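For clarity, every value in this text was computed on a predicted model and none was experimentally measured. In what follows, every chain begins at residue 1, and chains take the letters A, B, ... in the order their sequences are listed.
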There are 2 protein chains.
Amino acid sequence: MESIDTELAARIRNDIVLGNYGEEERISEARLCDTHKVSRTPVRLALRMLEHEGLIRRSEGRGYFVNAPNVNDVLQAVQVRGHLESLAARLMAQSPDRLSTLPILEAAIEEIDRLILVGKMDHASIRLIQKQNAVFHKTILECCGNDFIGFTCSRISHMPMLEVGAMVFDRQVLSTKEGKERSNFRLKLGNSQHKVIFEAIQKGDAVRAEGVMREHSNTMIEYIQVFEKRTKEELTIKDLIDYSGLSVMRKEHDTTGKEKSL
Amino acid sequence: MESIDTELAARIRNDIVLGNYGEEERISEARLCDTHKVSRTPVRLALRMLEHEGLIRRSEGRGYFVNAPNVNDVLQAVQVRGHLESLAARLMAQSPDRLSTLPILEAAIEEIDRLILVGKMDHASIRLIQKQNAVFHKTILECCGNDFIGFTCSRISHMPMLEVGAMVFDRQVLSTKEGKERSNFRLKLGNSQHKVIFEAIQKGDAVRAEGVMREHSNTMIEYIQVFEKRTKEELTIKDLIDYSGLSVMRKEHDTTGKEKSL
DNA sequence: ATAACCGGTTTGGGATCCCAAAAAAAGAGC
DNA sequence: GCTCTTTTTTTGGGATCCCAAACCGGTTAT
């Protein structure tokens, strides 16, 4: 259990990204105290945190205004994270003591392969794949030799779909058979990219490791963009399913509430 | 004038990066209240901010410990910022509506050229060059089309030498004639890189814009590394002069105190 | 002698109080 | 009826108070 303000910040953050607050809504400390039944101290700490994260703006006069991110904001952020990850991949490929961590990457790749082969595209399986995916990406970030890359990624991972190793699906694709096949192909493609990245790092091919990692993150961006074009009206964050460690969107699609923290 | 907690956070941050606190020193709220003559409320807000910035760690039991960054941390951070800037350069070169902002870049380059030609290597001149340098880099960040890049950079610019467009010199180099000449050459080299970046963006050569921008930031990293090797003992942040917008180190080298905010 | 226990002290989190500034509303003058 | 001024209310920042948990020191029992 975290301290109240962290918990509170998470709840408000959730409300903001899910669009419960209206684009430019004014937000007051007193109101939050009332709705969340806490004192002003944790509210202020939480608001400061959210301001730092860019989810609310503090008006110079007084008062806070929400800064709800839209899909385009998320896409931009994914691009930034992907670019940082590509730097990490390059550095890791150049690092002399990378060999000891290679088995971790290999194990994650093999586990994802195994899960894809089983072919179950239900929630539980995807979460398992997501977990191994997170392991793969986190390992590269943590073993690249530049700790500041991981730190910077962690500073921006408060937004939905920005947790390292997060995976995004659209809400309809998992409900139809054809959609499931498409998702299966997407997972296969992603893991084959993992393999190429792994081999490049193993061989010390820094340029290739960086390039494929960049391509790997572009895949996610393009997936969202393609889906964006397919929808008639404006695509909102709610239309996407975020499989990430944080799982901000969980209450939207997980009614069982069994797995509280993976 | 900012609110007290922001001011306070800046002061504590300053103390930490200048090494006034000892590597792993315990830091207590009460002590800070006493030394800075403020109540605990702003102290707590400031500590939260610094924790978010990674300059202090909160022990799960209780208490805060300082996490003083060393030169290597700064180098890693510079690498991250440079990598983000190279992404910005690439995106700007790809952006269709980049042409309207090109004159800003060109003006900054010409102004720096003019200042270098005058050849005065005193504090005031270097600050003017620094300002135009910041304009150049900020313009690229702000006009690349991905606002999240600039946002991410701003989130990490609390550390010394990480303000966008910051320039670093070592403390001895500006005191000797030979050192001044070397610095002059370094400025010329930097601005010639600016020119190449400008032309690449103008032509829409995204690959080259990205590559040269990367090289541009590597120049700063290598400068510090070369200086690091030249010194006998461990290089500290204090040994470097930081010409940045924030100028955390100002009180170290500016005794006149005339220019409070450029 | 050592280890467990117990009380005092330190310290951080949360709640409440106070105040100044700004927005909103009411009132006066034209 | 409109505008400018004054008063009221709202709201956020800072200070203080309270409390629970953790650390420290000493004492006692084995």
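Using cut-offs of 30° and 60° for the angle between ring planes, the B:His216 and B:His137 rings count as parallel. Ring planes of B:Phe227 and B:Tyr223: parallel class, angle under 30° (limits at 30 and 60°).
Taking atom CZ of residue B:Arg44 and atom P of nucleotide D:dC17, one finds them 15 Å apart after rounding to whole Å. In this entry the distance linking CE of A:Met49 with P of C:dG13 reads 11 Å, nearest Å. Atom-to-atom, OH of A:Tyr64 to C1' of D:dG13 comes out at 9 Å; the value is rounded to the nearest Å. Summarising the geometry, the separation between CG on B:Asp34 and P on D:dT16 is reported as 13 Å, rounded to the nearest angstrom. In this structure, B:Leu32 places its CG atom 16 Å from C1' of D:dG14, rounding to the nearest Å. Between the CD atom of B:Glu29 and the C1' atom of C:dT10 there is a distance of 12 Å, rounded to whole Å. Straight-line distance from the CG atom of A:Asp5 to the C1' atom of C:dG12: 11 Å, rounded to whole Å. In this structure, A:Phe65 places its CZ atom 12 Å from C1' of C:dA22, rounding to the nearest Å.
Taking the side chain of B:Arg48 as heavy atoms from C-beta on, and the options C:dA15, D:dT11, C:dG13, the nearest nucleotide is C:dG13. Distance from the side chain of B:Ile4 is smallest to D:dG14 among D:dG14, C:dG12, D:dT16. Relative to the side chain of A:Arg40, the nucleotides D:dG14, C:dG14, C:dG12 differ in distance, and D:dG14 lies closest.
No contact: B:Leu8 has no heavy atom under 4.0 Å from any strand. Residue A:Leu47 is out of contact with every strand shown, counting any heavy-atom pair closer than 4.0 Å. Nucleic acid contact class of B:Thr41 (heavy atoms, under 4.0 Å, all strands): base. Nucleic acid contact class of B:Arg31 (heavy atoms, under 4.0 Å, all strands): none.
A distance of 12.0 Å separates CZ of B:Arg58 from NE2 of B:His52, quoted to the nearest 0.5 Å.
Between the side chain of B:Arg31 and the main chain of B:Ser28, no donor-acceptor pair closer than 3.5 Å is present.
Contact of A:Arg58 with D:dG12 (side chain to base): no donor-acceptor pair of N or O atoms is detected under 3.5 Å.
Under a 4.0 Å N-O distance rule, the pair B:Glu24/B:Arg57 qualifies as a salt bridge.
Dashed line: the shortest gap from a side-chain N or O of A:Ser39 to OP1 or OP2 of C:dG14 is not under 4.0 Å.
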